[in-house]
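Note sheet for the following structure.
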Amino acid sequence: MTRFIQEIDRSHSCGALREADEGAEVVLFGWVASRRDLGGCVFVDLRDREGVTQVVFDPQASGEAYGLAGQIRPEWVVGLQGKVRSRGANANKRMPTGGIEVLATRLEVFNRSAVPPFLLEDGVDAREELRLQYRYLDLRRPEVTRRILMRHRITQRARRHLADAGFLEIETPCMVKYTPGGARNFLVPSRLNPGQVYALAESPQIFKQLFMVAGFDRYYQIARCFRDEDLRGDRQPEFTQIDVEMSFAAPRHIYEVVEGLMAAIFEEALGVKLARPFQRMTWAEAMGRFGSDKPDLRFGLELVDLTEIVRRHDGGGVGMLKDALASGGVIKALCLPADKAPSRSEVDKLEVKVKELGGLGLARARLAADGGWTQSPMGKSVSPAMRVEINRAAGAGEGAVLLLQFGSADKVHSVLGGLRVHLGEKLGLVDKIRWELLWVTDFPLFERAEDTGAVVASHHPFTSPLPEDVDKLLSEPLACRAQAYDLVLNGVEAGGGSIRIHDSEVQAKVFKVLGISDEEAREKFSFLLQALQFGAPPHGGLALGLDRLVMLLTGGESIRDVIAFPKTARGQCLMSGAPSGVSDQQLADLHLARKG
RNA sequence: GGGGUGGUAGUUAAGUUGGCUAUAACGCCGGCCUGUCACGCCGGAGGCCGCGGGUUCGAGUCCCGUCCACCCCGCCA
């Protein structure tokens with residue numbers, strides 16, 4: 001008797017056969033997805049990464065195969081030979097292969113399977129803890145497999161697109177010199193250099209700039225990055241970026257390349273043609289209108305700026321508004337029309353949300369038929385004149401609810417921006433089938449650190465200011481805008497980048513603003529600064545978060561869904577058990593001592 | 001670091017004011033069944049109620065602690 005594998009080759013995947021293949025002799029390999037034993041015949045759904053095909057075992061076709069089919073169980077791995085036949089009126093329209101089945105003449109069991117700890121079917125919601133523990137089984141589930149295959153197609157398409165556009169794929173080291181600032185690094189102790197460490201690269205940033213100095217002109221990499229920060233659904237300790245850098249580039253050149261790349265990816269993944277160019281909005285406009293540097297444009301509900309109205313009315317009789325103005329604050333509101341207006345108790349719940357977002361409270365008003373404010377702490381004191389103007393500015397009619405925040409612009413924006421997103425989801429304002437891409441541009445070059453009050457780089461210290469703001473670097477640093485941009489997709493930051501400083505005078509000014517001395521700069525960034533002195537071309541780039549992108553394009557809920565072997569929120573791999581303990585001998589080899 | 005939600009057969013869940021011999025569905029095991037595709041029918045096995053203390057005549061249920069997973073804030077491009 002001939003044996004599979006050694007002598008018989010697979011002819012098709014389990015997702016390939018159609019009615020046109022009727023009559024073909026085929027050989028399929030795969031896993032038993034389900035078995036329906038009707039007594040006189042046995043149906044088996046055979047699954048591989050490409051799909052599922054129904055196989056029927058009939059004693060008249062092969063008594064031996066039929067007998068074996070009665071014994072097999074879910075997740076056994078088998079090979080079989082048979083003939084494709086049409087299912088005619090019995091076709092299953094919900095399956096791509098549902099028009100046919102394979103009448104098996106031979107069956108070989110390659111391996112049995114223990115009973116899996118959870119059902120390997122779509123739509124089952126076994127606890128994620130368990131799914132991660134048996135990730136190799138979870139990956140067999142068609143919807144999980146589909147995401148991983150989609151990731152493959154997206155990265156392949158990205159590679160092809162960028163290579164065709166003249167970008168070189170070059171790898172950069174993961175083990176790098178520690179440089180301060182930005183995310184916390186994982187550290188790798190050096191056995192050969194007692195007491196010294198490598199850092200795992202949080203991004204290839206400096207190296208890709210050096211490629212530009214080297215004259216490679218255009219570089220890309222599907223780069224793994226490492227950050228030792230607390231984790232979220234969209235943050236893993238190691239993650240992947242599509243990293244791009246190009247020489248002789250202004251922001252518009254970067255936009256053009258990345259828009260082409262995104263269009264290719266969307267076409268590949270969804271068959272969607274993106275409208276180009278993408279929308280652009282300055283950071284200041286995004287913050288002002290949406291309270292966010294990554295506005296979700298799938299719905300409206302923009303912030304209404306009431307600052308000037310309140311100023312003209314000198315507070316309009318409302319003490320807290322007047323105080324907010326006096327301390328240099330702003331007053332903004334969200335207006336929910338009557339048909340979306342939350343009830344009184346729902347507004348109270350929103351106030352809880354506001355406090356989560358860092359707000360002190362939620363001033364509100366519900367409009368009566370005459371425009372008067374009810375259910376409002378300001379209802380009695382507010383002057384009718386100001387009230388009328390605010391109602392008009394907000395477009396608020398009878399039954400509408402106004403939700404107000406006042407205070408520092410940063411706080412008002414972050415609270416109302418967060419509330420806007422919350423309401424967008426909760427009230428079903430978000431159009432789920434839309435893809436809204438935009439560039440947010442002209443980010444502030446510097447910001448004030450909340451804890452220390454020091455001026456710090458918003459992006460990183462090599463980010464170039466807008467040409468028209470260079471003169472203000474030393475005099476008004478916080479008013480300087482950067483040639484920095486984020487690509488925002490449906491309210492998610494899909495990527496970000498900047499044009500870098502290639503002029504050592506400008507770089508020196510930036511370091512001065514940041515309070516970094518020449519000596520300190522040399523010590524921290526020596527090799528980059530040195531390289532910039534040897535004919536560095538104007539250059540800039542961007543990095544796209546591949547995990548987030550694939551998550552959005554596949555409808556995943558977290559990037560864990562699109563990473564083959566993800567870690568938990570505490571950075572553990574439940575399957576392998578990493579991280580794990582270390583022996584005294586290992587520590588000694590690394591010249592490390594255990595604490596305590 | 002702070003806050004929240006959850007943890008009960010293999011899995012997903014229910015479990016009332018503390019009274020339980022802890023339910024159900026799916027899965028698993030055995031039997032029957034030739035057109036199923038969530039196959040159907042009959043029968044069966046299966047539990048340290050996350051873990052450790054406490055209150056109580058009595059705890060899945062109440063209290064304290066702890067572990068794990070997830071979400072939010074801080075942090076992080």
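We name chains A, B, ... by the order of the sequence lines, and we start the count at 1 in each one.
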Check your understanding: Between the side-chain atoms of A:R73 and the base atoms of B:rG27, is any donor-acceptor pair under 3.5 Å?
Key -> no
Check your understanding: Where each residue is assigned the nucleotide of RNA chain B containing its nearest heavy atom, which of A:G40 and A:R94 is assigned the position nearer the 5′ end?
Key -> A:G40
Practice item. Confirm from the modelled atom types if A:R235 and B:rC76 form a donor-acceptor pair under 3.5 Å, side chain to base only. Key: yes
Study note, to complete from the structure: Ranking B:rC76, B:rC72, B:rG35 by distance to the side chain of A:R232, first place goes to B:rC72
Practice item. Provide the distance between the two P atoms, one in B:rA22 and one in B:rG10, to the nearest whole Å. Key: 16 Å
Point to revise | P-based separation of B:rG46 from B:rG40 [nearest Å] | key: 24 Å
Review point. At under 4.0 Å between heavy atoms, what does A:G233 touch on the DNA or RNA strands: base, sugar-phosphate, or nothing?
Key: sugar-phosphate
Review point. For the pair made of CG in A:L120 and C1' in B:rC28, what is the distance, rounded to whole Å?
Key: 14 Å
Practice item. Could you measure between the two C1' atoms, the one in B:rC62 and the one in B:rC39, and give it in whole Å? Key: 47 Å
Check your understanding: Under 4.0 angstrom, heavy atoms only, what part of the nucleic acid is A:R184 near: base, sugar-phosphate, or nothing?
Key -> nothing
Point to revise | Residues A:Q221 and A:T172: side-chain donor-acceptor under 3.5 angstrom | key: yes
Point to revise | P spacing across the pair B:rG18 / B:rU61, given as an integer number of angstrom | key: 11 Å
Point to revise | Donor-acceptor pair between A:S498 and A:R500 side chains, under 3.5 angstrom | key: yes
Point to revise | Integer angstrom distance from the C1' of B:rC49 to that of B:rA24 | key: 16 Å
Check your understanding: A:Q241 near the nucleic acid: base, sugar-phosphate alone, or nothing, with a heavy-atom cut-off under 4.0 Å?
Key -> sugar-phosphate
Point to revise | Separation of B:rC67 C1' from A:E129 CD (nearest whole Å) | key: 10 Å
Point to revise | Centroid distance under 5.5 Å and plane angle under 30°, A:F118 vs B:rU11 | key: no
Check your understanding: With both distances under 3.5 Å as the test, what is the Watson-Crick or G-U wobble partner of B:rA69?
Key -> B:rU5
Review point. Contact class for A:P74 vs. all strands (heavy atom < 4.0 Å): base, sugar-phosphate, or nothing?
Key: sugar-phosphate
Practice item. Send over the distance from A:K93 NZ to B:rA38 C1', rounded to a whole Å. Key: 19 Å
Practice item. Consider only side-chain N and O atoms of A:S86 and A:E19, and report whether a donor and an acceptor are under 3.5 Å apart. Key: yes
Check your understanding: Taking the six-membered ring for Trp, are A:F462 and A:H460 parallel (under 30°), tilted (30 to 60°) or perpendicular (over 60°)?
Key -> tilted
Check your understanding: Is any side-chain N or O of A:R560 under 3.5 Å from a base N or O of B:rC70, one able to act as donor and the other as acceptor?
Key -> no
Point to revise | Complementary nucleotide of B:rG47, counting Watson-Crick and G-U pairs under 3.5 Å | key: none
Practice item. Evaluate the ring planes of A:F211 and A:Y219, with Trp represented by its six-membered ring, and classify them as parallel (under 30°), tilted (30 to 60°) or perpendicular (over 60°). Key: tilted
Practice item. Taking atom C1' in both B:rG60 and B:rA9, compute the distance separating them and give it to the nearest angstrom. Key: 14 Å
Point to revise | Most 5' of A:S458 and A:A569 on RNA chain B, judged by nearest nucleotide | key: A:A569
**Study point:** Any donor-acceptor pair under 3.5 Å from A:H413 side chain to A:D410 backbone
**Key:** no
Check your understanding: Rounded to whole angstrom units, what separation is found between the CG atom of A:L103 and the C1' atom of B:rU36?
Key -> 15 Å
**Study point:** Between B:rG3 and B:rA25 - C1' atom distance, rounded Å
**Key:** 35 Å
Point to revise | Check: B:rU36 base within 3.5 Å donor-acceptor of A:R87 side chain | key: yes
Review point. Checking only heavy atoms, does the side chain of A:D230 share a donor-acceptor pair with the base of B:rC75 at less than 3.5 Å?
Key: no
Point to revise | Separation of the P atoms in B:rG19 and B:rG58, to the nearest angstrom | key: 15 Å
